[in-house]
Colleague: 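Questions regarding the structure given below will be posed in turn.
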Amino acid sequence: MRKIFSIISMLCCFCMFAETKAPDIFQVDISSAKQYLNMANQAANGTMLTESDWNNLFASPAYKALFTKVDWNKDEFENNVKNAFNIVYDPSKTTLCDSIARQLDNIDLSTLESELPFFVSTALSVKNNLQIYSSILESFDTDKVVTEANKLALSLVPNNGAGLEPESCPIYFIVWDLECRALGDALFLDVNTFFHDGLQAATESLAHEMHHFYLMPVFNTVYKDDVMDGAVLFLVNNMREGVADILNKKQMPLTSLAPYGKRMLEIYNADYENSPEVLAEIDKITCDYLDGKLDMEQYFQKSFGCVHFEGHTTGDYMVFLIRDQLGVEAVVESVGDLDKFIDNYNIAAEKAGKYKFSDRFTEHIHKVSTSAKR
């Protein structure tokens with residue numbers, strides 16, 4: 001299983017932890033976020049920052065750790081953080097800030113030429129909530145939040161994660177764009193995204209990210225050998241996000257995708273509604289591969305092309321259908337087991353009168369899954 005999931009780990013790498021030890025395993029660092037908020041308070045009081053201030057920020061733990069985990073363009077990232085900050089706090093740039101703010105509700109990822117508007121959105125929201133976020137970081141009980149999030153994550157892991165060996169996983173609070181991310185062996189939580197909808201939503205969001213970390217060790221208890229297959233790549237991405245989304249999205253379609261704007265919400269919900277067509281497409285791609293119409297590289301490319309929003313939308317469609325038709329227990333037993341996932345989805349789909357995978361697709365998944373199991 002390691003080869004196929006190494007592809008997925010580029011998006012989300014996995015570590016393991018146990019419920020009772022969560023506070024010890026997760027080392028939470030809020031220093032970089034506090035440093036950014038202190039700089040924001042300074043700017044809000046009329047004192048703009050020096051180059052030394054920025055150098056110190058980017059040398060702080062979260063930002064320093066970030067670039068040991070990613071291959072992003074460091075200069076571009078740092079410039080986005082700095083430029084967004086200056087646009088928001090420099091009085092001479094008020095017109096530009098207002099112009100970008102008006103665009104935020106209509107941003108479409110597929111047509112976006114620069115990520116700067118996302119950074120401006122974060123900086124602007126931080127400015128508008130500066131005292132709230134500063135107060136939260138000074139007072140919130142990290143151990144309590146981490147422990148509760150871990151408990152929620154374990155509730156959707158077979159046997160509540162029994163038998164999984166814990167490893168250290170640092171959590172960094174940071175300020176950047178509109179996402180919290182699991183990168184390498186660490187979690188990076190954007191302050192604005194994390195606290196945008198309150199502490200309960202933040203706890204559920206952290207549980208979502210934690211659940212990702214359980215998927216690889218769960219797979220490794222079920223499977224002995226690697227599974228290199230395009231349809232498997234598609235299913236695992238959808239399983240990964242669909243199950244975790246039960247923790248912090250709960251129902252589809254969404255009424256809010258905050259802190260993203262209305263346009264992204266519309267696109268997201270439309271893609272969710274289009275899930276039956278996406279499932280039919282991966283079914284056909286797989287059958288074309290089995291018929292020799294596609295080589296392995298084409299099969300993987302086309303399969304990965306069916307993974308929309310990293311698996312969130314179609315994954316929600318599949319997993320929520322299992323939950324709503326068969327119960328949450330059927331979701332839990334599907335985690336890390338492709339046979340149960342495909343069978344439970346097909347049963348739920350037939351029960352609900354929704355798209356069901358072809359027998360040939362289903363048999364292919366069973367074949368590659370069974371051959372790799374312990």
Side-chain angles (χ1 to χ4, degrees), residues 29-64 66-67 72-109 111-140 172-181 188-199 201-202 256-265:
D29 189 294
I30 62 176
S31 61
S32 294
K34 279 188 173 182
Q35 194 168 333
Y36 181 100
L37 294 180
N38 288 337
M39 292 163 61
N41 273 300
Q42 179 182 330
N45 289 325
T47 304
M48 293 307 288
L49 307 178
T50 66
E51 195 62 29
S52 177
D53 292 325
W54 286 112
N55 290 338
N56 289 336
L57 177 70
F58 294 132
S60 66
Y63 294 94
K64 188 174 180 179
L66 175 65
F67 279 92
W72 302 346
N73 184 312
K74 185 177 181 181
D75 289 339
E76 181 180 350
F77 174 87
E78 292 181 355
N79 284 334
N80 276 332
V81 174
K82 291 166 61 176
N83 290 339
F85 189 99
N86 290 331
I87 288 170
V88 167
Y89 290 97
D90 187 342
S92 69
K93 294 182 169 63
T94 299
T95 300
L96 175 59
C97 183
D98 291 344
S99 175
I100 294 175
R102 286 193 295 270
Q103 298 172 16
L104 292 174
D105 262 352
N106 297 308
I107 286 179
D108 180 347
L109 283 174
T111 61
L112 196 66
E113 296 182 359
S114 167
E115 294 182 348
L116 180 61
F118 290 147
F119 288 80
V120 171
S121 176
T122 292
L124 186 57
S125 188
V126 168
K127 181 182 180 182
N128 292 337
N129 295 280
L130 191 51
Q131 297 310 312
I132 295 173
Y133 293 163
S134 297
S135 177
I136 290 175
L137 280 184
E138 289 295 337
S139 62
F140 90 111
Y172 295 101
F173 281 80
I174 194 168
V175 179
W176 55 10
D177 59 5
L178 301 183
E179 296 283 354
C180 295
R181 295 183 178 90
F188 293 84
L189 307 177
D190 174 72
V191 167
N192 180 58
T193 303
F194 192 68
F195 292 122
H196 189 276
D197 292 323
L199 197 55
S256 171
L257 194 60
Y260 287 100
K262 294 179 181 178
R263 180 57 180 153
M264 282 301 300
L265 174 64

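In this text the structure is predicted, and so the values were computed from the model without any measurement.
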Colleague: Using a 4.5 Å cut-off on heavy atoms from C-beta on, say whether the side chain of W54 contacts that of L57.
Modeller: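 L57 vs W54: side chains touch.
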
Colleague: Answer yes or no: is there a donor N or O on one side and an acceptor on the other, between the side chain of N83 and the main chain of N79, under 3.5 Å?
Modeller: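 The answer is yes, because a donor-acceptor pair under 3.5 Å joins these two groups.
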
Colleague: Looking only at the aromatic ring of each residue, does the gap between the centers of Y172 and Y63 stay below 6.0 angstrom?
Modeller: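 Centroid separation for Y63 and Y172: 6.0 Å or greater.
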
Colleague: Heavy atoms, side chains only, cut-off 4.5 Å: are F77 and L66 in contact?
Modeller: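 Yes - at least one pair of side-chain heavy atoms lies under 4.5 Å apart.
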
Colleague: Just so I know, are the side chains of F173 and Y36 near enough to count as touching, which here means a heavy-atom distance under 4.5 Å?
Modeller: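 With C-beta onward as the side chain, the pair stays apart.
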
Colleague: Side chains of F188 and S32: closer than 4.5 Å at any heavy-atom pair?
Modeller: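 SC-SC contact between F188 and S32 ruled out.
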
Colleague: Do the side chains of N192 and V175 get nearer than 4.5 Å, heavy atoms only?
Modeller: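 A side-chain contact is absent here, since even the closest heavy-atom pair is not under 4.5 Å.
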
Colleague: Is K127 reaching over with its side chain to a backbone N or O of V88, donor-acceptor style, under 3.5 angstrom?
Modeller: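 Flag set: sc K127 to bb V88 pair under 3.5 Å.
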
Colleague: Are F118 and N80 side-chain neighbours, meaning at least one heavy-atom pair lies under 4.5 Å?
Modeller: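 They are not in side-chain contact.
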
Colleague: State, to 0.1 Å, how close D190 and W176 come at their nearest heavy-atom pair, and which atoms those are.
Modeller: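 Residues D190 and W176, closest heavy atoms: OD1-N, 2.9 Å.
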
Colleague: Which heavy-atom pair separates S139 from S135 by the least distance, and what is that distance?
Modeller: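 Nearest pair, atom of S139 first, then S135: OG-O, 2.9 Å.
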
Colleague: Okay, side chain of N56, backbone of D53: is any donor-acceptor separation there less than 3.5 Å?
Modeller: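 Judged by distance alone, no pair lies under 3.5 Å.
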
Colleague: Taking the side chain as every heavy atom from C-beta outward, state whether E51 and K82 have any pair of such atoms under 4.5 Å apart.
Modeller: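 SC-SC contact between E51 and K82 confirmed.
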
Colleague: Would you say T94's side chain and P91's backbone share a donor-acceptor pair under 3.5 angstrom?
Modeller: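 Confirmed, T94 side chain pairs with P91 backbone.
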
